[in-house]
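Have a look at the structure below, then the notes.
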Amino acid sequence: MSEDIKSPTEFPSESANRSGWFRQIKIILAHVLFFTIALFLSFIVAGNMEVGDWFPGRYLKWLLLVLTVKLSVFGLFHQYKGWWRYASVSDLLSIIKASHLSTVIIVIGWYISNYIPTTRRWIAELDLLNVPITVMLIDWVATIVVICGARLAIRLYYEETQTTSGGRLTRMLIIGAGNAGEVLLREIQRMPVLRYDVVGFIDDDWRKHGVRIHGVPVLAAVEQIRETAQKHSVDEIVIAMPSASHKQLRGVIEHCQGTNLRFSTVPDLVAIASGKVRVSQMREVDINDLLGREPVTLDLDLISDFLRDKVVVITGAGGSIGSEMCRQVGHFVPKMLLLIEQAENELFYIERELRVKFPDIVIRAHICDIGDKPRVESLFGQYRPDVVIHAAAHKHVPLMEANPGEAVKNNVAGTRNVAAAADKFSAERFVMISTDKAVNPTSIMGSSKRLAEMSIQSLNKKSKTRFVTVRFGNVLGSNGSVIPIFKKQIADGGPVTVTHPEMRRYFMTIPEASQLVLQAAVMGHGGEVFVLDMGEPVRIIDLACNLITLSGFKPDEDIEITFTGIRPGEKLFEELAMDAEDMQATRHPKIHIWQNVPADEAALNDTVKRLLAVADTKDNRDEIISLLKEVIPEYVGDVDSMKLHEKHLSKLNNSNM
């Protein structure tokens, strides 16, 4: 079927056409009535509230002239196509313009006709010479008043007589008495079925306190939300501040702790301005709104040159970071996207998503364990990738403490297999995604990632491939992260388990981390360890309280919070200080380079060889830890890590004194 030809279902039905014409005829007849009333009022007012000799003859003859002009002009201003229950300021302005133009035409036409003998004689015969100019001017005002009044009355009727389905209205408090708050209230009041009872606004601008917006008062400042909500029996809070910072949103939620409220927010202003959504299309406030950060600025041209028309391999393509790397890379139109993943379900879903989202990109998906060196080399030999993004890794700290051999095989041997294949088949660049837990590691997972970093730095010295590493901390919503765990615990009724009251972590969103990985990758000359600026660390206990509050519960009342103690290998604080002496700034404000001395290649290779030899043996934990300490002197075991926690707590207590 031609794109220019509509299917039968796209054409309006005959009954719909009849209904539309019938409605338009009714509107025209309504305007005839309004014009008639307005003119009658004009003659009455001009005649000192008396019906004189002008009625009915002179009045009806003049009415015929007025209707001819006004019906034409109001039609020109599209006044017969409006939906009166949604009358707005723009509709009222159009009515004023149409009435003004109609009056100008009538007055000018009247004066011109008086100077033409033929028309003057005709007007005299119709007994219209005695129509005073005041009638025309009063008619102008009366037309505006009658039509605007009728439209506003109809709108008020629908707004005041609408009812809610399902019982009591939801009592709502709107945070933000600005443009978004005003538009939200207006849209709520115009809903065909009323669902909300807006009890008031909250705004920090003291000049607005006490004023009313569409009849709804501005009650108090943000710091008084809890008391205001309790006083007015509020059920739901809507944050109508599309431009609010994440810090401001966190402040609102923290002020609401201890309340059983539902939280919503309005769409961003860009989405509203584009017409894609309405302000009243609210959504629940998500933890990403509280912990997210400002949009990342990227050098898109540089990244495009880096990826366009290239064969790009992404290992761990089905994981949280790997799958987002696939999405980000897809926007830059590579020649081929090769997905490597050992988990078949995750690979299936990301391949299907990418084929829909990027139909013009060649996508190949392969099940592959990066610990299987022949399989890795076979795939690299077949596709000859230009860019390798290595996201595959075991990342769960406690599990790797219990399974140290698997951390060594996957994070160390697997990385070396992929890096060696990239070198053997002359890839242009190799980007390894690492973790903040590799900084002064206290865990086997962190030390295995540090050893992987050292391995690719060593390989970079003798390879034509540019090998770089990018480190960052926790990402919001990743598989196995604390946020999905907390949400599940809240859904189950608690308790929410936190390891320690002072446990702190850095967070960034998965898209932000992935974008910065690409930016760092194109900046690397080979051998660098890039570190992403994660912002300020967040206390996990605060994160738990915010999630409980967002879920409509009271922390430690409805949902209990319990402390389980620091688990083996965990740190109290992660270390990603951008202002440390060993950090070097780059041209991107959120990317730094960690300056370090590369390890001795011979000693490194010898240690890795011995590690792999014991990785599959039973009761190998102590031996693996001993070997790791040989090549990573900053790595500490369980006993030393507890001393490190005590040192951190002592430093924190001193800073709070």
Practice problem: Could you go through the side chain to side chain contact (heavy atoms under 4.5 Å, CB included) check for Val439 and Arg471 one step at a time? | Solution: CA-CA 9 Å; Val439 184; Arg471 283 179 182 169; 3.3 Å; yes
Does any N or O in the side chain of [X] come within less than 3.5 Å of the main-chain N or O of [Y], such that one atom is a donor and the other an acceptor?
| X | Y | result |
| --- | --- | --- |
| Thr586 | Ile591 | yes |
| Asn411 | Ser448 | no |
| Thr315 | Ala391 | yes |
| Glu401 | Ile444 | yes |
| Asp600 | Ala603 | yes |
| His500 | Glu502 | yes |
| Arg621 | Ala402 | no |
| Glu528 | Phe530 | no |
| Ser447 | Pro441 | no |
| Asn460 | Phe467 | yes |

When rounded to the nearest 0.5 angstrom, what is the spacing between [atom1] in [X] and [atom2] in [Y]?
| X | Y | atom1 | atom2 | value |
| --- | --- | --- | --- | --- |
| Glu601 | Ser458 | CD | OG | 3.5 Å |
| Ile389 | Leu337 | CD1 | CG | 8.5 Å |
| Ser304 | His331 | OG | NE2 | 13.0 Å |
| Asp606 | Leu611 | CG | CG | 10.0 Å |
| Leu627 | Asp622 | CG | CG | 11.0 Å |
| Phe332 | Phe358 | CZ | CZ | 10.0 Å |

Heavy-atom distance under 4.5 Å between the side chains of [X] and [Y], does that happen here?
| X | Y | value |
| --- | --- | --- |
| Val418 | Phe430 | yes |
| Leu307 | Val522 | no |
| Val312 | Met336 | no |
| Val498 | Thr564 | no |
| His588 | Leu516 | yes |
| Lys335 | Lys310 | no |
| Arg327 | Glu353 | yes |
| His396 | Met445 | no |

Is any NZ, NE, NH1 or NH2 atom of the basic residue among [X] and [Y] found under 4.0 Å from an Asp or Glu carboxylate oxygen of the other?
| X | Y | answer |
| --- | --- | --- |
| Glu453 | Lys449 | no |
| Lys590 | Glu512 | yes |
| Arg610 | Glu630 | yes |
| Glu428 | Lys464 | no |
| Lys424 | Glu377 | yes |
| Lys409 | Asp616 | yes |

Closest approach of [X] to [Y] (non-hydrogen atoms, all atoms of both residues):
| X | Y | answer |
| --- | --- | --- |
| Ser463 | Asp423 | OG-OD1, 2.6 Å |
| Val376 | Cys368 | CG2-SG, 3.8 Å |
| Leu532 | Ala513 | CD1-O, 4.0 Å |
| Ile314 | Gly322 | CG2-O, 3.8 Å |
| Pro404 | Asn620 | CG-OD1, 3.7 Å |
| Leu459 | Ala419 | CD2-O, 3.6 Å |

Practice problem: May I have all residue pairs that pass salt bridge (charged side-chain N to carboxylate O under 4.0 Å, His left out) and include part of residues 379-398, sequence neighbours excluded? | Solution: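 Not a single pair qualifies under salt bridge (charged side-chain N to carboxylate O under 4.0 Å, His left out).
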Indicate whether the side chain of [X] and that of [Y] have a donor and an acceptor atom separated by less than 3.5 Å.
| X | Y | answer |
| --- | --- | --- |
| Glu324 | Gln328 | yes |
| Thr415 | His390 | yes |
| Gln457 | Thr469 | no |
| Arg416 | Ser455 | yes |

For [X], I'd like to know if atom [atom1] has over 12 heavy atoms of other residues, nucleotides or ligands within 6.0 Å.
| X | atom1 | answer |
| --- | --- | --- |
| Tyr349 | OH | no |
| Glu344 | CD | no |
| Lys461 | NZ | yes |

Quiz item: Are Val313 and Ile340 close enough, and set up right, to give a side chain to side chain contact (heavy atoms under 4.5 Å, CB included), and what steps lead you there?
Solution: CA-CA 7 Å; Val313 170; Ile340 291 180; 3.8 Å; yes
Quiz item: Is it true that Tyr383 and His366 have ring centroids separated by less than 6.0 Å?
Solution: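 For Tyr383 and His366, the ring centres are under 6.0 Å apart.
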Quiz prompt | side chain to side chain contact (heavy atoms under 4.5 Å, CB included) between Leu451 and Val608, intermediate numbers included | solution = CA-CA 9 Å; Leu451 189 52; Val608 171; 4.2 Å; yes
Practice problem: Take Val531 and Phe472 through the side chain to side chain contact (heavy atoms under 4.5 Å, CB included) test and state the conclusion after the steps. | Solution: CA-CA 6 Å; Val531 181; Phe472 53 86; over 6 Å; no
Exercise. Give the intermediate values and the outcome of salt bridge (Lys or Arg N to Asp or Glu O under 4.0 Å) for residues Arg539 and Asp542.
Key: CA-CA 5 Å; Arg539 282 205 320 163; Asp542 294 336; 3.0 Å; yes
Quiz item: Which is it for Glu346 and Ser323 under the side chain to side chain donor-acceptor pair (under 3.5 Å) test, yes or no, and what are the steps along the way?
Solution: CA-CA 9 Å; Glu346 283 76 3; Ser323 60; over 6 Å; no
